[in-house]
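Accompanying notes for the structure given below.
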Amino acid sequence: MDYQKVSSLAKRRGFFQPSSELYGGLAGFFDYGPVGVKFRERLLRVWRRHYVLGLGCLELDGALVGPETLFKASGHLSEFDDPLVECKECKKSYRADQLVEGGEEMTQKALATALKTAHCPSCEGGLSELSAFNLMFATQIGAGRGVRGYLRPETAQNIFQCFPWLYRLNRNKMPLAVSQIGRSYRNEISPRQGLLRMREFTQMEVEHFFLSGDEPEIPSHLTDTSLILLPNEGEPLEIDIEKAVKEGIVGSSLLGTHLAVAQSFLLSVGIPKKSLRWRQHRKGEMAHYSQDCWDGEIKTSLGWIEVVG
């Protein structure tokens with residue numbers, strides 16, 4: 001199915017529409033209509049069945065706004081950036097890594113070099129020097145000078161800062177799995193493709209804590225789960241998750257568990273297995289704190305789209 005045709009149909013049928021259209025609209029924001037609200041609630045119910053009931057996750061609902069000190073500690077003030085360039089002629093802003101082929105995989109130095117021969121997609125004008133643009137929405141909390149704060153760019157910070165409290169609620173026992181469903185906000189440079197890249201969106205997240213040397217094994221009902229894996233080295237393969245962990249393709253049993261549960265959720269909401277793959281991050285792509293990471297990607301008319309990490 002063509003993505004644009006489905007989006008147009010969804011708008012007519014009451015699923016969603018761009019927000020504030022009567023006043024010119026704001027890119028990256030959407031209103032959910034009567035059918036969209038029910039569809040979304042049903043989707044979240046299924047997700048809770050897999051994670052809160054299935055994995056026994058504690059559930060948290062954290063605040064949307066946090067103080068500047070929180071995001072300084074998490075590294076978001078210094079690291080949560082996208083590369084930005086501006087057209088010198090029409091003054092339009094662009095996410096720089098989308099203007100050159102393979103830009104998302106380039107280092108900042110390589111990207112800056114490649115941009116020297118690039119031009120504005122709108123008017124063919126020259127581009128400014130590469131700069132870093134922080135994606136968080138800032139706000140002022142309280143009257144007068146107040147306190148500087150930010151809308152959360154992801155739900156993880158709530159879980160991490162609440163860990164001591166949640167650990168006590170779990171009777172000081174590990175492992176401890178915490179789930180959260182909530183809105184997040186990112187001031188995207190160029191939101192596009194409807195609901196695929198938004199400035200306000202809903203995340204469904206789990207953080208699973210365990211003691212080193214005491215990692216939970218894959219639950220017996222998940223060991224035979226078959227996944228299509230795309231390792232960062234080698235060819236794509238279809239393999240049972242237990243075997244993938246034993247052979248070292250997937251780095252840990254807990255990661256294997258979450259790959260299997262995430263696939264079970266996606267299949268249960270109608271994603272065809274043939275259109276779903278798990279792509280391993282390349283070494284240069286992986287976050288500095290990760291030992292192993294896989295993205296769940298769905299094949300669409302726009303190509304392979306990441307839906308879960």
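The structure presented is a predicted model; accordingly, all values stated were derived computationally and were not measured.
You'll find the side chain of Ile218 stays beyond 4.5 Å of the side chain of Leu254, heavy atoms only. Looking at heavy atoms from C-beta onward, Ser7 lies out of side-chain contact with Leu195 at the 4.5 angstrom threshold. The closest side-chain heavy-atom distance from Ile228 to Trp278 is not below 4.5 Å. Looking at Leu84 and Tyr94, their side chains never come closer than 4.5 Å, going by heavy atoms from C-beta outward. Inter-residue side-chain proximity for Asp295 and Arg279 is flagged as met; some heavy-atom pair is nearer than 4.5 Å. A 4.5 Å side-chain heavy-atom check between Ser131 and Val85 finds every atom pair outside the cut-off. At a threshold of 4.5 Å between non-hydrogen side-chain atoms, the residues Arg12 and Leu9 count as touching. Contact of the His258 side chain with the Leu55 side chain is registered, since non-hydrogen atoms from C-beta on lie closer than 4.5 Å.
Side-chain contact annotation: His281 with Asn232, donor-acceptor N/O pair under 3.5 Å absent. With no hydrogens or angles considered, no side-chain donor-acceptor pair links Ser179 and Glu59 at under 3.5 Å. For the residue pair Arg95/Ser190, the side-chain donor-acceptor check at 3.5 Å is not satisfied. Inspection of the Tyr32 and Ser19 side chains reveals no N or O donor paired with an N or O acceptor under 3.5 Å. Side-chain contact of Arg148 with Tyr150: a donor-acceptor pair under 3.5 Å is present, judged by distance alone. Side-chain contact annotation: Ser184 with Glu154, donor-acceptor N/O pair under 3.5 Å absent. In this structure, a donor-acceptor pair under 3.5 Å is absent between the side chains of Ser253 and Glu217.
Counting non-hydrogen atoms of other residues, nucleotides and ligands closer than 6.0 Å to CG of Asn172 gives a total above 12. Within a 6.0 Å sphere centred on CD of Gln140, other residues, nucleotides and ligands contribute more than 12 heavy atoms.
There is a path of hydrophobic side-chain contacts, each under 4.5 Å, that joins Val261 to Val269. Linking ILVMFWY residues whenever their side-chain heavy atoms come closer than 4.5 Å, directly or via other members, leaves Val178 and Phe265 in distinct clusters. Residues Ile159 and Leu64 are members of separate hydrophobic clusters, defined by side-chain heavy-atom contacts under 4.5 angstrom among Ile, Leu, Val, Met, Phe, Trp and Tyr. Cluster membership for Val206 and Ile181, using ILVMFWY side-chain heavy atoms within less than 4.5 angstrom, is shared. Put simply, Trp294 and Met204 are part of the same group of oily side chains (I, L, V, M, F, W, Y) that touch within less than 4.5 Å, one to the next.
Listed for the Ser8 side chain is no donor-acceptor partner under 3.5 Å among the backbone atoms of Lys5. In this structure, the side chain of Glu297 does not engage the main chain of Glu306 through any donor-acceptor pair within 3.5 Å. Formation of a donor-acceptor pair under 3.5 Å by the Glu188 side chain with backbone atoms of Gly28 is not found in this model. In this structure, the side chain of Asn158 does not engage the main chain of Gln180 through any donor-acceptor pair within 3.5 Å. A distance-only check finds no donor-acceptor pair linking the side chain of Ser20 to the backbone of Tyr23 [under 3.5 Å]. The main-chain N or O of Asp292 is never found under 3.5 Å from a side-chain atom of Ser290 such that the two would form a donor-acceptor pair. Of the possible polar contacts, one joining the Ser128 side chain to the Glu86 backbone as a donor-acceptor pair under 3.5 Å is found. One N or O on the side chain of Asp2 and one on the backbone of Gln4 form a donor-acceptor pair closer than 3.5 Å. Of the possible polar contacts, one joining the Ser301 side chain to the Tyr3 backbone as a donor-acceptor pair under 3.5 Å is found. A donor-acceptor pair under 3.5 Å is absent between the side-chain atoms of Glu89 and the main chain of Cys123, judged by distance alone.
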Working for side-chain hydrogen bond (donor to acceptor under 3.5 Å, both in side chains), residues Glu215 and Ser252: CA-CA 8 Å; Glu215 184 176 345; Ser252 76; 2.9 Å; yes

Would you sort out whether Leu70 and His76 count as a side-chain contact (heavy atoms from CB on, under 4.5 Å), showing the intermediate values? CA-CA 9 Å; Leu70 168 64; His76 281 78; over 6 Å; no

Given Tyr185 and Thr139, is the side-chain hydrogen bond (donor to acceptor under 3.5 Å, both in side chains) satisfied, shown in steps? CA-CA 12 Å; Tyr185 300 83; Thr139 186; over 6 Å; no

Start with the C-alpha distance between Leu127 and His119, add both sets of side-chain angles, then the distance that settles side-chain contact (heavy atoms from CB on, under 4.5 Å), and finish with yes or no. CA-CA 6 Å; Leu127 299 173; His119 296 87; 5.7 Å; no

Can Arg199 and Asn187 be said to form a side-chain contact (heavy atoms from CB on, under 4.5 Å), step by step? CA-CA 5 Å; Arg199 288 175 168 142; Asn187 195 11; 3.6 Å; yes

Does the side-chain contact (heavy atoms from CB on, under 4.5 Å) test come out yes or no for Leu267 and Lys273, once each step is laid out? CA-CA 7 Å; Leu267 296 181; Lys273 187 178 178 182; 3.9 Å; yes

In sequence, state the C-alpha distance, the side-chain angles, and the governing distance for Lys116 and Glu129, and then conclude on salt bridge (Lys or Arg N to Asp or Glu O under 4.0 Å). CA-CA 9 Å; Lys116 291 179 180 178; Glu129 292 292 321; over 6 Å; no

Please lay out, stage by stage, how Glu233 and Arg282 fare under the test salt bridge (Lys or Arg N to Asp or Glu O under 4.0 Å). CA-CA 8 Å; Glu233 295 179 0; Arg282 296 173 295 277; over 6 Å; no

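Note on ring orientation: taking the six-membered ring where Trp is involved, the planes of Tyr167 and Phe163 are parallel (angle under 30°, cut-offs 30° and 60°). Using a 30° and 60° split on the angle between ring planes, Phe137 and Phe29 fall in the tilted class, from 30° to 60°.
Once rounded to the nearest 0.5 Å, the distance linking NZ of Lys246 with CG of Asp240 reads 10.5 Å. Taken to the nearest 0.5 Å, the CG atom of Leu77 stands 8.5 Å off from the CZ atom of Phe71. Rounding to the nearest 0.5 Å gives a distance of 9.5 Å between CZ of Arg197 and CD1 of Ile189. We find the CG-CD distance between Leu111 and Gln108 to be 7.5 Å, quoted to the nearest 0.5 Å. In this structure, CG in Leu229 is found 7.0 Å from CG in Leu259, a value given to the nearest 0.5 Å. Rounding to the nearest 0.5 Å gives a distance of 15.0 Å between NZ of Lys243 and OG1 of Thr225.
Scanning both residues, Thr155 and Gly182, for their nearest heavy atoms gives CG2-O, 4.0 Å. Between Asn170 and Pro175 the shortest heavy-atom distance is ND2-O, 3.5 Å. When all heavy atoms of Gly149 and Ile141 are compared, the closest pair comes out as CA-CD1, 3.8 Å. Nearest heavy atoms, Ile241 versus Gly256: CG1-O, 3.4 Å. Across every non-hydrogen atom of Glu207 and Ala156, the tightest pair is OE2-CB, 3.8 Å. Closest heavy-atom contact between Pro231 and Leu237: CG-CD2, 3.8 Å.
A salt bridge does not link Lys274 to Glu238: none of the charged side-chain nitrogens sits closer than 4.0 Å to a carboxylate oxygen.
Both tests pass for Arg277 against the ring of Trp304: distance under 6.0 Å to the centre and angle within 45° of the axis.
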